Amino acid sequence: IMLHSTLALSLLLIAVSSNLAMAIKKEKRAPQTLSRGWGDEITWVQTYEEGLYQAKKSNKPLMVIHHLEECQYCQALKKAFAENEEIQEMAQNNFVMLNLMHETTDKNLSPDGQYVPRIMFIDPSLTVRADITGRYSNRLYTYEPQDIPFLIENMKKALRLIQTEL
């Protein structure tokens with residue numbers, strides 16, 4: 001009987017400690033965020049509707065990034081975006097941020113077509129800023145990794161417009 005209970009106790013201890021180890025391992029893994037690699041320090045909203053609500057409430061512009069996982073241009077832009085400290089800081093502090101891997105029903109977000117990557121700004125009055133465009137006339141709202149300085153200027157422009165217009 002003594003042997004039996006010792007065995008039972010040690011099995012119990014093994015079970016408890018392996019569960020504990022798994023719990024600790026889970027704890028250490030980076031939390032799954034809505035960032036999808038665009039910036040883990042940024043607070044991301046989950047939906048376009050939530051983004052509009054937060055923009056209005058906080059009086060910050062909403063920045064919407066349309067992208068797809070299997071798009072190499074999106075991946076390249078995402079890397080440049082995530083590695084740029086100025087963008088990350090502005091995105092954290094001055095914008096409501098949303099990245100979407102599907103189209104919204106709002107046609108204002110695809111004035112010149114549904115392509116990725118596409119970055120658009122919506123001001124707190126919930127106006128889609130069709131006047132804040134990238135460098136390419138055939139895809140007005142696309143950016144390439146080398147366009148990061150241009151994207152930074154457009155982020156600043158979106159912030160300035162709030163002060164001057166609203």
Side-chain angles (χ1 to χ4, degrees), residues 27-166:
E27 202 51 49
K28 263 211 319 236
R29 208 185 69 221
Q32 258 314 100
T33 64
L34 296 165
S35 92
R36 301 186 181 93
W38 290 88
D40 291 335
E41 302 302 312
I42 298 168
T43 306
W44 297 88
V45 293
Q46 204 157 0
T47 63
Y48 181 54
E49 293 66 32
E50 184 190 347
L52 293 174
Y53 172 77
Q54 291 295 345
K56 201 172 176 67
K57 198 176 87 169
S58 65
N59 201 37
K60 291 177 179 178
L62 167 63
M63 183 171 173
V64 182
I65 305 170
H66 284 94
H67 64 105
L68 290 169
E69 209 51 63
E70 64 275 9
C71 156
Q72 64 183 24
Y73 304 103
C74 300
Q75 294 297 345
L77 181 64
K78 178 195 296 191
K79 188 176 186 306
F81 187 98
E83 288 172 359
N84 186 288
E85 282 176 36
E86 193 175 358
I87 283 186
Q88 291 292 308
E89 206 220 329
M90 273 197 290
Q92 278 171 52
N93 300 319
N94 309 109
F95 287 84
V96 175
M97 297 295 296
L98 172 67
N99 70 74
L100 286 178
M101 294 174 69
H102 56 83
E103 283 299 331
T104 63
T105 52
D106 186 345
K107 293 288 166 262
N108 295 315
L109 284 184
S110 50
D112 66 339
Q114 299 186 340
Y115 51 85
V116 291
R118 189 166 90 245
I119 299 179
M120 298 193 71
F121 297 92
I122 294 98
D123 68 34
S125 72
L126 307 187
T127 305
V128 175
R129 299 308 309 216
D131 53 349
I132 305 181
T133 56
R135 294 190 359 204
Y136 308 98
S137 55
N138 61 335
R139 293 187 163 197
L140 291 176
Y141 306 97
T142 204
Y143 297 85
E144 293 185 356
Q146 66 269 23
D147 302 329
I148 287 292
F150 201 77
L151 178 58
I152 290 171
E153 282 316 301
N154 276 347
M155 289 172 82
K156 290 178 178 168
K157 185 175 176 184
L159 292 171
R160 268 198 313 274
L161 285 172
I162 292 178
Q163 281 140 24
T164 56
E165 291 184 11
L166 307 177

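These figures come from a predicted structure and were not determined experimentally.
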*Where Pro111 and Tyr141 come nearest, the two heavy atoms and their spacing*: CG-CE1, 3.4 Å

_If I compare all heavy atoms of Ser137 with all of Leu140, which pair ends up nearest, and what's the gap?_
O-CD2, 3.9 Å

_Looking at every non-hydrogen atom in both residues, tell me the closest pair between Cys71 and Pro117 and how far apart they are._
SG-CD, 4.3 Å

*Any side chain to side chain donor-acceptor pair (under 3.5 Å) involving residues 102-115? Give me the pairs, sequence neighbours left out, ordered by first then second residue.*
Tyr48-Asp106, Glu103-Arg118, Asp106-Asn108, Asp112-Tyr115

*To the nearest 0.5 Å, what is the distance between CG (Leu34) and CD1 (Ile42)?*
11.5 Å

*Under 4.0 Å between a Lys/Arg side-chain N and an Asp/Glu carboxylate O for Glu86 and Lys156?*
yes

*By side chain to side chain donor-acceptor pair (under 3.5 Å), which residues pair with Lys79, not counting sequence neighbours?*
Glu83

*Nearest heavy-atom neighbours spanning Ser125 and Thr127*: OG-OG1, 2.9 Å

*Go through the steps for Asn84 and Leu151 under the test side-chain contact (heavy atoms from CB on, under 4.5 Å), then give the verdict.*
CA-CA 11 Å; Asn84 186 288; Leu151 178 58; over 6 Å; no

*Would you mind listing every salt bridge (Lys or Arg N to Asp or Glu O under 4.0 Å) that reaches into residues 46-66, with sequence neighbours excluded?*
none

_From Ile65 atom CD1 to Leu77 atom CG, the distance as rounded to the nearest 0.5 Å_ = 7.5 Å

*Taking C-beta and beyond as the side chain, do Gln54 and Leu62 meet within less than 4.5 Å on heavy atoms?*
no

_Residues that Phe81 engages under ring-ring contact (aromatic ring centres under 6.0 Å, His included), provided they are two or more places apart_ = Trp38

*Set of salt bridge (Lys or Arg N to Asp or Glu O under 4.0 Å) partners for Lys78, sequence neighbours left out*: Glu69

*Side chain Asp123, main chain Ala158, donor-acceptor under 3.5 Å*: no

*Side-chain touch Leu109/His66, heavy atoms, less than 4.5 angstrom*: yes

_Donor-acceptor check, side chain of Arg36 to backbone of Asn99, threshold 3.5 angstrom: yes or no?_
yes

*Could you list the residues that satisfy side chain to side chain donor-acceptor pair (under 3.5 Å) with Glu89, not counting sequence neighbours?*
Asn93

*Would Leu161 and Phe121 count as a side-chain contact (heavy atoms from CB on, under 4.5 Å) if you check the C-alpha gap in whole Å, the side-chain angles of each, and the deciding distance to 0.1 Å?*
CA-CA 11 Å; Leu161 285 172; Phe121 297 92; over 6 Å; no

